[in-house]
Student: 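Take a look at this one; I'll ask things after.
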Amino acid sequence: MDTYTTHVFSYRFEGREFTVDIIAKNEAEAKSRLKALAFARYDGRVVARMPIEVGPFVRIAVFLRNSYDAIFR
């Protein structure tokens with residue numbers, strides 16, 4: 001089984017410094033993944049991150065929230 005680790009890259013934008021985390025097997029793969037970001041597409045914004053361990057309640061809550069958004073927005 002491959003072991004993935006988080007690699008951190010920093011960049012400057014409009015006078016401020018930011019970081020981005022890339023999960024990869026090693027530094028070389030992380031750099032390749034970083035280059036691939038130039039071809040990325042926008043999928044939306046993160047509203048919250050929830051651990052999967054919290055069980056089915058979170059899945060139900062997310063389903064209901066997404067259904068509400070789909071119907072009323």
Student: Is it possible for you to say whether Val62 and Leu64 belong to one hydrophobic cluster, with membership spreading through side-chain heavy-atom contacts below 4.5 Å?
Tutor: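 No, no single cluster joins them.
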
Student: What pair of heavy atoms forms the shortest contact from Glu29 to Tyr4, and how long is it?
Tutor: OE2-CE2, 3.7 Å

Student: Looking at Phe18, I'd like to know if its CZ atom is crowded, meaning that more than 12 non-hydrogen atoms belonging to other residues, nucleotides or ligands lie closer than 6.0 Å.
Tutor: yes

Student: In Å, rounded to the nearest 0.5 Å, how long is the span from OG1 of Thr5 to CD1 of Ile22?
Tutor: 11.5 Å

Student: What pair of heavy atoms forms the shortest contact from His7 to Lys25, and how long is it?
Tutor: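 That closest heavy-atom pairing would be NE2-C, 4.5 Å.
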
Student: Please say yes or no: joined through hydrophobic side-chain contacts below 4.5 Å, possibly via intermediate residues, are Tyr11 and Val8 part of one cluster?
Tutor: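 Looking at the clustering, Val8 is in a separate group from Tyr11.
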
Student: Looking at Ala30 and Ala24, what are the two nearest heavy atoms and their distance?
Tutor: N-CB, 3.5 Å

Student: Are Ile60 and Phe57 connected in a single hydrophobic cluster, I mean Ile/Leu/Val/Met/Phe/Trp/Tyr linked by side-chain heavy atoms less than 4.5 Å apart?
Tutor: no

